[in-house]
Amino acid sequence: GLDAHDLVALAYGGTLKGSVTVRFSENAYAANIAANGLDTAELSVLNGQIGAQMAGRVSGTIYISGRAGQLVALKTAWTMPSGGKVNAALLSLLMQYIPMSQERKRIEAIIQAGGKLKAEVFAFSLASDTPTHLSGAVTLKSREANLEVNVTHEVNIDGTWDSLGKYWNTILP
């Protein structure tokens, strides 16, 4: 097996700290990582969707464990502590919670144009209650759009990495 604790790295314009455990005989793994001040432009090298969806610096935590390709537990929470921008297309998921108004029309225009919306607060969390059920929350505050949204969401998956990947593709168009 492999046990690595108190790992610290400068990466993506910020810092990563955490621990990783791998049990080869059991085909099991666990990782607990804290990220601080990661630059979304640099993160887009790792995953192009990140740079396409956000602009600014993100901080957060992720705990994940699994066995033989199956997700056992996931808990993650991310924020943009200094504010930043989010792709307006992300708001299309939240539109059902925004009443018809001038603000909604302005947001729809930004979505239509494929633009990013300045956000003073953006927070996203996701946690597994069971390997096949995820629950989370999205908080967004934007003076530009005169918007404050707090939405919880529930997702059922089949507990595999493929299913989790499909979920990410749904929320990150």
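Bear in mind the structure is a predicted one, so any value in this text is a computation, not a measurement.
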> Going from OG1 on T76 to CG on L126, what distance comes out if it is rounded to the nearest 0.5 angstrom?
Replying inline: 7.5 Å
> Would a 4.5 Å heavy-atom cut-off, applied to side chains only, mark Y12 and T40 as touching?
Replying inline: no
>> Test of understanding: clusters of I, L, V, M, F, W, Y form through side-chain heavy atoms closer than 4.5 Å, transitively. Do L140 and V151 belong to the same one?
In response: yes
> Any donor-acceptor pair under 3.5 Å linking the side chain of E120 with the backbone of R143?
Replying inline: yes
> Got a second to check how far N36's CG is from L10's CG, nearest 0.5 Å?
Replying inline: 11.0 Å
> Under the side-chain contact (heavy atoms from CB on, under 4.5 Å) test, which residues partner E26, sequence neighbours left out?
Replying inline: R23, A28, R67
>> For a quick test of reading the model, state the closest non-hydrogen atom pair linking M54 to M80 and the distance between them.
In response: SD-SD, 4.0 Å
> If you round to the nearest 0.5 Å, how far is OG1 of T21 from CG of L2?
Replying inline: 7.5 Å
>> If I take atom CD from residue E148 and atom OG1 from residue T139, how far apart are they, to the nearest 0.5 angstrom?
In response: 8.5 Å
> Nearest heavy-atom pair of A30 and Y63: which atoms, and what distance?
Replying inline: CB-OH, 4.2 Å
> Any sub-3.5 Å donor-acceptor pair from S142's side-chain atoms to K118's backbone N or O?
Replying inline: yes
> Looking only at atom types and distance, does a side-chain atom of S59 sit under 3.5 Å from a main-chain N or O of G37, one as donor and one as acceptor?
Replying inline: yes
> Of N32, L71, L74, V72, which is the lone residue that meets side-chain contact (heavy atoms from CB on, under 4.5 Å) with S65?
Replying inline: V72
>> Grouping I, L, V, M, F, W and Y whenever their side-chain heavy atoms are under 4.5 Å apart, do V20 and F24 come out in a common cluster?
In response: yes
> Could you give the distance from CD1 (I64) to CD1 (I33), rounded to the nearest 0.5 Å?
Replying inline: 10.5 Å
> Is D6 atom CG crowded by more than 12 heavy atoms from other residues, nucleotides or ligands, each under 6.0 Å away?
Replying inline: no
> So, do L16 and L38 sit near enough that their side-chain heavy atoms are less than 4.5 Å apart?
Replying inline: yes
> Quick one: which of D39, T79, L43 gives a side-chain contact (heavy atoms from CB on, under 4.5 Å) with R57?
Replying inline: D39
> Got more than 12 heavy atoms from elsewhere within 6.0 Å of NZ, K85?
Replying inline: no
